[in-house]
S.K.: 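Mind looking over this structure? Questions follow.
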Amino acid sequence: SSLSKMEKLTRFSTGSGLLDAPVLSTLEQLPNLQEVHFYEGTYRLGHSTNGELPQSTLSHPFPQLVHLMLQCSLSELCRYLSLGGGVAPGLLDLDIDVVSECDPSTLQDSLTKIAEAFPLLKTLEFARREDFTAFEDADEDSDEDSEDDAPLLTHRNLAPITRMRALETFYLRCDGVVSMTNNELCELLSQCPSIRHLDLNHEPMVLSPTELTINKFD
C-alpha cells in the first residue's frame, strides 16, 4: 500500500495551506516521522486552508514526532488535543500558524492543553502569518481603531506556560496586546525554570494601552 511505502519517512515538508486533515490523518500513522512543517517561502501564494484538523485519531499518533507546524484556529487546536490517544508525546517544537482571531480565553485554554499534551516541549510559537479574512467574525464596517475590539492578553491568560517545565522559547505573534505590569511579567518568568527566549507580541495587529514597558526578554 502507499502507506507502507512511506513508513521510512522521517521528514515531511509541504506548501502553505496544503496540510489538511486527511493528510495529517495519514501522516500521524507513520512510525518514523519526526518533522512536519511548511516551506516558509510559500506563504500568501494563493493556497488557503479551512484550518481543520483531524476529527479523530488512532492510538499513539505521531509516535516519533519532535517538530510540528500546523495551520489552524486555537479552538480547533484545543479540540484536536482533546481527542486523547497521546498525540506526539515526545514533541519538542510546536509552531501554530493561527488562522483566526486570537481570543484571550482560547489562548489560555490552548496553553493548558499544550502543557498537558507535550511535557517535553522546548519551543512554542503562535503566529498570524496568513491573512485568512474569511475566518474573521468582526464586522468589516466596524471601526478598526476601536479599543473595544482589541483582545487584551493578561497574566492569567499566559499563566499555563509555567506548567511547561522544559520550555525554553516562547514566541507570541498574534492579535492581542499583552497587558500586564512588569512585576507580573517577572513573576511569570520566575515560575518558568527553563525559559530563555520570550517574545510577547511586540508588534500587535491592534494597538491598546499596556502597563508592560519591557519590550523583549532575551
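Residues take their numbers from the sequence shown, with the count starting at 1.
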S.K.: Got a second to check how far Gln34's CD is from Leu9's CG, nearest 0.5 Å?
M.R.: 10.0 Å
S.K.: Given the rule that I, L, V, M, F, W and Y join up when any side-chain heavy atoms are under 4.5 Å apart, are Val66 and Phe62 in one cluster?
M.R.: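 The answer is no; the residues belong to distinct hydrophobic clusters.
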S.K.: Hydrophobic cluster membership, with links at side-chain heavy-atom distances under 4.5 Å among I/L/V/M/F/W/Y: are Leu111 and Leu120 in one?
M.R.: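 Result: no, two separate clusters.
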S.K.: Mark yes when over 12 heavy atoms from residues, nucleotides or ligands other than Arg165 sit less than 6.0 Å from its CZ; otherwise mark no.
M.R.: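 More than 12 within 6.0 Å, yes.
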S.K.: Do you know which two heavy atoms are closest between Leu83 and Pro54, and how far apart they sit?
M.R.: CD1-O, 3.6 Å
S.K.: May I ask you to test the His37-Asp95 pair for a side-chain heavy-atom distance under 4.5 Å?
M.R.: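 A side-chain contact is absent here, since even the closest heavy-atom pair is not under 4.5 Å.
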S.K.: To the nearest 0.5 Å, how far apart are NE2 in His155 and CG in Leu185?
M.R.: 8.5 Å
S.K.: Looking at side-chain heavy atoms only, is the closest gap between Phe12 and Leu19 below 4.5 Å?
M.R.: yes
S.K.: Any idea which heavy atoms bring His60 and Pro63 closest together, and the distance?
M.R.: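 Heavy atoms only, the tightest pair is O-CD, 3.6 Å.
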S.K.: Judged by modelled atom types alone, do Asn183 and Thr181 share a side-chain donor-acceptor pair under 3.5 Å?
M.R.: no
S.K.: Below 4.5 Å, heavy atoms only, C-beta onward: do Leu152 and Pro104 meet side chain to side chain?
M.R.: no
S.K.: Minimum heavy-atom separation for Ala115 and Arg163, please, with both atom names.
M.R.: CB-CB, 4.0 Å
S.K.: Would Tyr80 and Thr57 count as a side chain to side chain contact (heavy atoms under 4.5 Å, CB included) here? Give the steps.
M.R.: CA-CA 9 Å; Tyr80 181 61; Thr57 64; 3.7 Å; yes
S.K.: Taking the side chain as everything from C-beta on, heavy atoms only, tell me whether Leu124 gets closer than 4.5 Å to Phe118.
M.R.: no
S.K.: Report yes if the side chains of Phe126 and Ile114 come closer than 4.5 Å at any heavy-atom pair, otherwise no.
M.R.: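 A side-chain contact exists here, since the closest heavy-atom pair is under 4.5 Å.
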S.K.: Measure across Ser82 and Lys113 and return the closest heavy-atom pair with its distance rounded to 0.1 Å.
M.R.: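 Smallest interatomic distance, heavy atoms only, reads OG-NZ, 2.9 Å.
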S.K.: Is any side-chain heavy atom of Arg156 less than 4.5 Å from a side-chain heavy atom of Met180?
M.R.: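 Side chain of Arg156 against side chain of Met180, heavy atoms only: no contact under 4.5 Å found.
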S.K.: Just do the side chain to side chain contact (heavy atoms under 4.5 Å, CB included) check on Phe38 and Thr14 with the steps written out, would you?
M.R.: CA-CA 5 Å; Phe38 306 111; Thr14 187; 3.8 Å; yes
S.K.: Quick check: is Leu68 connected to Met6 through a chain of hydrophobic side chains (ILVMFWY, heavy atoms under 4.5 Å apart)?
M.R.: yes
S.K.: In Å and rounded to the nearest 0.5 Å, what is the OG to CD distance from Ser13 to Glu35?
M.R.: 7.5 Å
S.K.: How long is the span from the CG atom in Leu167 to the NE2 atom in His197, to the nearest 0.5 Å?
M.R.: 11.0 Å
S.K.: Applying the 4.5 Å side-chain criterion to the ILVMFWY set and letting contacts propagate, would Leu121 and Leu92 be lumped into a single cluster?
M.R.: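 No, it is not one cluster - the side chains of Leu121 and Leu92 are not joined through contacts under 4.5 Å.
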S.K.: Once rounded to the nearest 0.5 Å, what's the spacing between atom CG of Leu153 and atom OG of Ser105?
M.R.: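 Interatomic distance, Leu153 CG to Ser105 OG, rounded to 0.5 Å: 10.0 Å.
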S.K.: Does any N or O in the side chain of Asn32 come within less than 3.5 Å of the main-chain N or O of Glu7, such that one atom is a donor and the other an acceptor?
M.R.: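 Judged by distance alone, yes, a pair lies under 3.5 Å.
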S.K.: Would you name the heavy atoms of Pro89 and Pro119 that are closest together and state the gap between them?
M.R.: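 Answer, listing the atom of Pro89 first, then Pro119: O-CD, 4.1 Å.
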S.K.: To the nearest 0.5 Å, what is the distance between CG (Asn157) and CG (Asp109)?
M.R.: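 The distance works out to 9.5 Å.
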S.K.: With the side chain counted from C-beta on, respond yes when Leu24 and Leu53 share a heavy-atom pair under 4.5 Å apart, and no when they do not.
M.R.: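 In contact.
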S.K.: Using the side chain to side chain contact (heavy atoms under 4.5 Å, CB included) rule, take Phe170 and Leu200 through it: C-alpha gap first, then chi angles, then the decisive distance, then the call.
M.R.: CA-CA 8 Å; Phe170 179 46; Leu200 292 180; 4.1 Å; yes
S.K.: Could you tell me if the side chain of Leu65 sits less than 4.5 Å from the side chain of Leu30, heavy atoms only?
M.R.: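 Leu30 vs Leu65: side chains apart.
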S.K.: Looking only at heavy atoms, what is the nearest atom pair of Asp97 and Gln71, with distance?
M.R.: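 That closest heavy-atom pairing would be OD2-NE2, 2.9 Å.
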